Amino acid sequence: MRIGVDVGGTNTDAVLMDGAKVLAACKMPTTKNVSDGIVNAITKILKDGEVSPADVRAVMIGTTHFTNAFVQRRELLHVGILRLALPASRALPPMIDWPKDIADAVYGSHYLVKGGYQYDGRINSELDEDAIIAAAREMKVAGIRAVSISGVFSPVNNEMEERAAEIIQDIIPDVAITLSCRLGRIGLLERENAGIMNAALADLAKNVVASFRSALADLNITAPFYISQNDGTLMQASQVEKYPVLTFSSGPTNSMRGAAYLSGAKDALVADIGGTTTDIGMLSNGFPRESSIAVDIGGVRTNFRMPDVFALGLGGGSIVEADPDVRVGPQSVGYRLLEDALVFGGDTVTSSDIAVAAGYADFGDKSKVQHLAPDFVAKAVDVIHAIVTDGVDRMKTSAAEMPLILVGGGSVLINRDIAGTSEVIIPENAGVANAIGASIAQIGGEVDRVYSYENMGREAAIEAAKQEAKDNAIAGGAIPETVEIIDLEELPLAYVPGGSVRLRVKAAGDLKI
Amino acid sequence: MKLQVTDMEDLARGAAFLGTGGGGDPYIGRLLAQAAIGEFGMPEVVEPEDVPDDATVFTAAMLGAPTVLIEKAANGEDIDLALKRLSQRTGKTPDYIMPIEIGGLNSMIPILAAARAGLPLINADGMGRAFPEIQMVTFNVYGIEPCPAAIVDEHLNSAIIEANGAKQAEDLVRAVAIQMGLSTLVSVYPMTGKDVKAYGVHRTLTLALEIGRAIRTGRESGDPVASLLSYLRTTEYYNKCAVLFDGKITDIRRETTRGFAIGHCDVEALDGSGETMNILFQNEFLIAKKGDKTMTLVPDLICVVDRETAEPITTEGLKYGQRIKVIGVSAAAIMRTPESLDVFGPQAFGIDEPFTTIEDLNNL
């Protein structure tokens with residue numbers, strides 16, 4: 001028995017799962033202290049499912065809390081930024097490209113010191129430990145409690161980042177330290193940005209994880225809990241305290257993984273239709289396809305692993321206009337849907353009203369949409385389907401038709417086939433796909449490193465990378481027999497001799513519970 | 001021409017377009033240039049015809065691997081030292097700094113160098129696009145020696161290369177760059193104002209800036225690709241241009257052949273016609289074929305942009321499923337002479353097909 005929870009900005013959803021079966025599901029408002037909403041939702045599903053807390057083996061939580069906090073500049077710490085790079089990168093100080101308001105909210109102080117590696121892991125510059133000691137003392141005096149450390153080519157060799165962390169921890173014992181090598185990819189500025197964001201969230205991460213913990217304790221659930229991350233795999237709670245940024249895009253990931261699970265499809269398109277927007281993504285082998293371009297979060301450039309999602313301005317609350325042409329969205333009544341829509345007694349024509357007027361959806365008061373001209377309703381229905389059709393086409397990678405899975409409360413807007421898809425699937429429990437996605441998340445392991453094919457040979461290099469990714473997944477708690485390679489990417493480095501190739505490998509397996 | 005800090009994003013975008021898939025992402029270059037402008041002020045930009053014949057002109061560029069550059073960035077003092085070492089060797093003091101390659105990252109490095117050195121910047125380069133090797137510039141085609149060439153790493157180690165020819169210079173500089181860790185600053189082709197006037201590809205800073213601007217204003221008015229093409233048609237070099245293909249990337253294959261990282265990008269039409277395009281690339285896009293028919297060939301420019309936003313896409317940024325427009329653009333006349341084609345025509349990249357202009361291939 002396991003529980004999946006999705007803590008969104010508006011709703012907290014929970015599902016109770018017995019193996020592949022959904023025993024109970026519910027939606028509750030998210031509360032200000034987070035934990036009350038979780039307690040309410042879990043209490044309800046345990047009651048509905050007639051299950052005792054002692055039977056719960058694991059709890060998986062997905063949350064957009066950290067993303068929202070960063071974007072809204074709430075509860076952020078001032079960060080001490082340490083870069084191990086000199087003499088490289090001197091011309092580009094940290095946070096050079098950040099919007100001023102968020103930089104002000106996050107910047108504490110910065111130090112560029114000698115250190116860093118070459119692309120092949122050779123030392124580029126010996127680590128200047130004295131300079132780190134001096135920086136740490138200064139940060140201690142300034143009251144800095146969160147430090148981000150990023151070193152040149154630390155994804156290739158992380159020893160210097162680890163050593164710098166030891167030195168700082170010695171001087172400031174209670175400091176929260178973020179190492180950029182844990183956040184992945186090549187690209188110093190982007191990785192450093194991610195590190196700074198992460199460090200700024202250190203206090204909030206502790207508080208949120210503590211409130212998750214206390215919520216579960218209040219419920220007498222003693223099972224371990226996990227938090228889902230961007231790539232659809234799980235993190236231990238203790239890891240989230242240290243690396244909250246890794247949850248930044250878990251919302252769309254969970255809904256897509258949930259869609260895959262509910263429908264049984266491994267390769268499919270997914271449209272998550274909410275109140276204001278529709279997120280369209282693509283599942284490949286059961287996991288969301290990742291975006292390969294730099295992603296801006298709150299105006300800050302990062303190179304996170306993020307699902308490739310195309311957002312459309314269409315949702316259940318989209319405002320429908322008649323003049324001069326029939327238009328649907330992108331304006332939306334949003335959370336006021338239950339007051340403003342015609343069927344709920346309001347005076348705004350929304351896409352939900354259109355679905356009811358057209359006769360394929362049934363909620364609210366039907367008589368309130370009877371006055372809408374059939375011609376107008378028919379056109380609006382066409383527009384709604386055309387928007388989704390276009391979004392689906394953008395995300396497809398080949399002309400071959402594939403299934404489209406609809407999830408989210410707004411999935412009622414669609415009642416026709418969508419061109420370019422083989423079928424449209426609206427699974428049962430589509431409204432809580434997020435929480436289901438969290439509940440089935442797997443344990444992942446990764447490798448992202450430059451290999452020399454000349455030294456090792458291609459086969460051996462790929463084999464070594466795969467094995468390391470699998471080992472990482474198993475070390476994280478995956479059942480060894482279930483671990484599979486879910487992604488492998490080869491990128492030859494232009495101009496680098498010796499057949500150097502950057503390999504990115506991801507493995508995932510079922511959680512041992 | 002006058003450059004403003006507020007022009008830098010447009011310039012970077014235009015330079016990325018002229019990078020024809022290569023030349024490195026100008027993002028880091030733009031940040032470097034902006035930081036230098038903030039500290040030292042914006043360099044004055046001078047038109048080639050206003051440069052005295054006997055003036056000493058030095059170039060500035062980054063040389064290495066894009067993946068390394070995004071990790072190490074630059075030190076700042078490295079480019080200063082490259083200019084100084086070249087000055088010591090030649091016994092001449094530079095009067096002007098000039099880009100050697102306007103496409104990609106190296107549009108920005110000369111701005112950084114000129115700002116730091118307090119020297120004016122010449123509105124010209126040696127190709128009007130991007131190319132992977134040092135010999136692939138007009139100056140070499142017309143007899144200007146790349147050497148002495150100065151190369152400096154972030155530790156401020158430096159080397160002066162004296163080679164017997166441009167290809168030998170490329171081989172030696174590349175060997176040193178590898179040893180230096182593949183993120184180096186170079187100054188090559190020391191020349192005179194007269195050389196710039198005779199053999200440079202002129203006003204390419206202006207062109208890059210205005211290309212970037214045409215894309216941006218096109219986004220505001222709704223059709224950036226149309227805006228870009230209508231601007232290109234007004235230019236001296238790039239006026240023969242066309243959308244070669246409108247489609248979706250269906251496959252990307254990368255392989256290492258003869259020591260080069262070669263790639264193929266397959267694109268399928270969006271209109272359901274079943275038409276396909278294949279683009280061959282080696283750092284830059286080299287040849288675009290619709291079915292079996294060649295549509296554009298190097299040194300004419302093949303540029304891949306996002307079909308909605310016209311944002312240029314580098315060869316490293318290509319991915320399955322991207323919806324793109326492939327744009328073919330004529331190179332400057334000086335880039336298409338028989339002598340130039342010997343150095344950077346299709347054969348220089350192992351393509352067994354004679355150069356034919358984009359206008360002849362497409363009846364433009």
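A quick note: this is a predicted structure, and the numbers were derived from the prediction, not measured. Numbered from 1 within each chain, the chains take letters A, B, ... in sequence-line order. All values below come from the heavy atoms of this structure, side chains included, with hydrogens, waters and symmetry mates left out.
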| query | For atom CZ of Arg323(B), is the number of surrounding heavy atoms from other residues, nucleotides or ligands below 6.0 Å larger than 12? | reply | yes
| query | Is His155(B) reaching over with its side chain to a backbone N or O of Ser125(A), donor-acceptor style, under 3.5 angstrom? | reply | no
| task | Mind checking the CD-OG spacing from Glu71(B) to Ser150(A)? Nearest 0.5 Å is all I need. | result | 9.0 Å
| Considering all heavy atoms of both residues, which atom of Gly76(B) and which atom of Ala91(A) are nearest to each other, and what is their separation? | N-CB, 4.0 Å
| note | Closest non-hydrogen contact found for Pro87(A) with Asn75(B) is O-ND2, 3.0 Å
| task | Go through the structure and list residues passing side chain to side chain donor-acceptor pair (under 3.5 Å) with Thr6(B), not counting sequence neighbours. | result | none
| task | Determine which residues belonging to residues 23-35 of chain B lie within contact range of chain A, meaning some heavy atom pair is under 4.5 Å apart, and list them by number or answer 'none'. | result | Asp25(B), Tyr27(B), Ile28(B), Arg30(B), Leu31(B), Leu32(B), Ala35(B)
| Interface moiety of Glu190(A) toward chain B, non-hydrogen atoms closer than 4.5 Å | side chain
| query | Between Phe153(A) and Val68(B), which heavy-atom pair has the shortest distance, and what is it? | reply | CZ-CA, 3.8 Å
| remark: Honestly, the part of Phe310(A) sitting under 4.5 Å from a heavy atom of chain B is neither
| Heavy-atom distance under 4.5 Å to chain A: side chain of Glu39(B), backbone, both or neither? | neither
| said: Quick check for you: among Leu189(A), Asp97(A), Ile96(A), which has the greatest number of heavy-atom pairs under 4.5 Å with chain B? | reply: Asp97(A)
| request: Measure from the side-chain N and O atoms of Lys72(B) to the backbone N and O of Gly116(A), and report whether any donor-acceptor pair falls under 3.5 Å. | output: no
| message | Does Lys167(B) have more than 12 heavy atoms from other residues, nucleotides or ligands lying within 6.0 Å of its NZ? | response | yes
| query | Under a 4.5 Å cut-off applied to non-hydrogen side-chain atoms, are Gln118(A) and Leu182(B) in contact? | reply | no
